[in-house]
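Just follow the structure's listing: the first ligand is 1, and inside any ligand the first atom is 1.
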Amino acid sequence: MKICLFWFRRDLRIHDNAGLTAALASGVPVLPLFIYDKDILDQLPAKADARLTFIYDEVEKLAARTEAAGGAFLARYGAPLAVLEQLVQDFEVAAVHTNEDYEPYATRRDAAVGEMLARHGVDFFTYKDQVIFAKDEIMTKSGTVPKVFGAYLKAYTAKLTDDLLLPYGSADNFTKANLLPAPAAKAGPRPTLASMGFARKEQYFPPVQLPPDGLVRNYHQTRNTPANEHGTTRESLNLRFGTLSVREVLRQAKALNQKLLAEIIWRDFFMMLLWHFPNTATESYDPKMRDLPYRNNEDEFRAWCEGRTGYPLVDAGMRELNQTGYLPNRVRMTVAGFLVKHLFIDWRWGERYFADKLLDYEMANNVGNWQWMAGTGAISAPWFRVYSPESQLEKVDPELTYVKRWVPEIGTSKYPAPIVEHKFGRERAVEAIRAARIAAS
Ligand SMILES: Cc1cc2nc3c(=O)[nH]c(=O)nc-3n(C[C@H](O)[C@H](O)[C@H](O)COP(=O)(O)OP(=O)(O)OC[C@H]3O[C@@H](n4cnc5c(N)ncnc54)[C@H](O)[C@@H]3O)c2cc1C
């Protein structure tokens, strides 16, 4: 029997899923598939990984939902290319459907998968699902890649008609009639965390649901108060793994809060930039900022990682990150600015540390924001701007409510003295960058 595969990746939901909708309408039974990518899992630093636990639980929910609808669900552990090549031999596969992914590794992987499937005479269809506008759908009037967020936002919101935010009908069509029935599927057992060599890591995950309307309405007033755990939406993890769709999230923001709408659009913006400039995943965008004489002092880096810099907002932030895998945006900016300017350590060290720790780690957002803070990006804060962690603290946590939650020894002799004096650190970085820019021009 001819079938098609729908390959779930970072879109772990049945509802409002562009590629799944197309697969279900293709006229051949759909066999949903998830591949635990060995190449990615091999790089995880610890055997108990919270993100993998989240993915595993969500994949199991997809499988249960598929089986309840009368269909089979496949999950495999291995290198995607090899797994898919085996599947097109085990089944009579007419086509593989999947949603686009814009990260450099994913675009290379998908190009290789497309070639392999073509050799086997299998169609490979990919769909835009995780953003509203991708690749070069929004360009400047002169046809170049937009590098000014204000102008991009204006063009984006002008194009953002309500019909682009309508949900796809995948949930309604996810029925026995469109799925490959379980007995026909030879699905075999699904991998477990243990069978892949991992263990569960219990951690708080924000619920898989839209934030309350009330929170969204007040977002512009509450977003910069890190002590308030309900001051921002906490939808980043669900956007990362596609457990919420970007359309439902944007529909809510568009109706209730323009500031939130703009923040979510930063995500499309950074994905667009990473797709155009994949080298910026590991290299500064600005050539004049590529050879900075970063100090890269390992002891100071460790003090930053462990929240022992003597700057309360930096230390509270790093400890929250280490313990929960989350950090509010304003504090992400503060800790990042401190690393790249006051300690004058390469932004890539910080970017990698965040990549290991953040539950919502998203290469485009992480690289984009780190390069913004370092002044090295396609879009950046001016390279000479150095935020003072002390004045940030006065602005966002004047009563030290947030700081005391994470740094209980604040105000006692156990709390360290500042690792570097603010004015000295600022001038050291600015002078070193100025000299490097002159040398490079
Ligand atoms: C140094 C640094 C590193 C970051 N790394 C990541 C990362 O790896 N993954 C990630 O999703 N976000 C990252 N961000 C952006 C932002 O901090 C988080 O998206 C946000 O804090 C997540 O919490 P929330 O969902 O409650 O955000 P909210 O404030 O409620 O915003 C809603 C959504 O808008 C998007 N968004 C908000 N701010 C930004 C932004 N500055 N850039 C891009 N998208 C944004 C996110 O998808 C977010 O979930 C980083 C920011 C900085 C300064």
Side-chain angles (χ1 to χ4, degrees), residues 10 51 103 130-132 149 152-153 156 204-212 215-226 228-246 248-250 252-254 256-274 281 304 313-314 317-318 320-321 324-341 345 347-381 387 392 396:
R10 38 169 307 161
R51 283 171 296 199
E103 289 186 5
Q130 61 173 278
V131 291
I132 303 298
F149 182 70
Y152 174 86
L153 180 65
Y156 188 112
Y204 170 76
F205 301 127
V208 181
Q209 62 192 42
L210 288 176
L215 186 160
V216 170
R217 273 198 197 91
N218 294 331
Y219 173 82
H220 55 293
Q221 288 159 340
T222 54
R223 60 190 288 262
N224 283 328
T225 42
N228 179 357
E229 287 166 344
H230 306 288
T232 66
T233 65
R234 299 295 307 265
E235 59 202 10
S236 50
L237 175 68
N238 289 314
L239 281 169
R240 171 67 185 94
F241 294 113
T243 33
L244 289 176
S245 97
V246 71
E248 61 187 325
V249 161
L250 280 173
Q252 186 192 35
K254 189 165 184 263
L256 300 178
N257 196 308
Q258 297 310 298
K259 181 66 191 162
L260 178 61
L261 181 71
E263 291 303 308
I264 303 169
I265 292 172
W266 273 103
R267 176 180 169 273
D268 273 32
F269 182 67
F270 281 132
M271 285 199 190
M272 178 278 296
L273 285 179
L274 185 63
W304 177 82
L313 192 57
V314 175
M318 295 310 291
E320 179 180 20
L321 175 66
T324 68
Y326 180 75
L327 200 51
N329 183 60
R330 180 56 49 175
V331 189
R332 290 187 204 203
M333 292 174 75
T334 304
V335 303
F338 186 81
L339 186 80
V340 296
K341 298 285 171 63
I345 287 178
W347 64 266
R348 287 169 288 205
W349 290 32
E351 196 275 334
R352 284 293 88 206
Y353 192 74
F354 269 31
D356 280 351
K357 296 285 172 190
L358 280 175
L359 293 180
D360 65 20
Y361 168 63
E362 169 78 74
M363 179 183 276
N365 280 354
N366 203 44
V367 163
N369 278 288
W370 272 97
Q371 293 223 35
W372 164 281
M373 292 306 303
T376 58
I379 174 165
S380 279
Y387 291 92
Q392 286 299 314
V396 304

Answer yes or no for [X]: is there a heavy-atom contact with ligand 1 below 4.0 Å?
X	answer
Tyr326	yes
Tyr219	yes
Arg223	no
Arg267	yes
Met333	yes

Which atoms of ligand 1 have any heavy atom of [X] under 4.0 Å away?
X	answer
Ala336	1 (C)
Phe270	42 (N), 43 (C)
Tyr361	8 (O)

Compare every heavy atom of [Y] with every heavy atom of [X], then report the nearest pair and how far apart it is.
X	Y	value
Val367	Ala281	CG2-O, 3.8 Å
Arg267	Leu239	NH2-O, 3.6 Å
Ala253	Ile264	CB-CD1, 3.9 Å
Gln209	Asn238	N-ND2, 4.3 Å

Nearest neighbour in protein (non-hydrogen) for [atom]:
atom	value
atom 45 (C) of ligand 1	Glu263 O, 3.5 Å
atom 9 (N) of ligand 1	Asp360 O, 2.9 Å
atom 3 (C) of ligand 1	Asn366 OD1, 3.2 Å
atom 30 (O) of ligand 1	Thr233 OG1, 2.6 Å
atom 17 (O) of ligand 1	Asn329 OD1, 2.8 Å
atom 8 (O) of ligand 1	Glu362 N, 3.0 Å

Quick one: look at [X] and ligand 1, take heavy-atom pairs under 4.0 Å, and tell me if it's side chain, backbone, both or neither.
X	result
Leu260	side chain
Leu358	side chain
Trp372	neither

Can a donor-acceptor pair be found, under 3.5 Å and without considering hydrogens, that links the side chain of [X] to the backbone of [Y]?
X	Y	result
Ser380	Gln371	yes
Asn224	Val396	no
Arg10	Arg240	yes
Arg330	Arg223	no
Asn365	Phe270	no
Trp347	Ala336	no

Considering [options] one by one, which has a heavy atom nearer to [atom] than any of the others?
atom	options	result
atom 13 (C) of ligand 1	Arg332, Glu235, Glu351	Arg332
atom 40 (C) of ligand 1	Ile265, Asn369, Asn365	Asn369
atom 33 (C) of ligand 1	Thr334, Ile264, Leu261, Asp268	Ile264

What class does the angle between the rings of Tyr152 and Tyr156 fall in, given that below 30° is parallel, 30 to 60° is tilted and above 60° is perpendicular?
tilted

Measure the acute angle between the ring planes of Phe149 and Phe269, then classify it against the limits of 30° and 60° as parallel, tilted or perpendicular.
perpendicular

Take Arg332 and Trp370 through the test side-chain contact (heavy atoms from CB on, under 4.5 Å) and record every step on the way to the result.
CA-CA 9 Å; Arg332 290 187 204 203; Trp370 272 97; over 6 Å; no

Nitrogen or oxygen atoms of [X] and ligand 1 under 3.5 Å apart:
X	result
Trp266	no
Thr232	yes
Ser236	yes

Among all the protein's heavy atoms, is there at least one whose distance to atom 37 (C) of ligand 1 comes out below 4.0 Å?
yes

Using the ring of Tyr361 (Phe, Tyr or Trp, six-membered ring only), decide whether Arg51 places NZ or CZ under 6.0 Å from its centre and within 45 degrees of its axis.
no

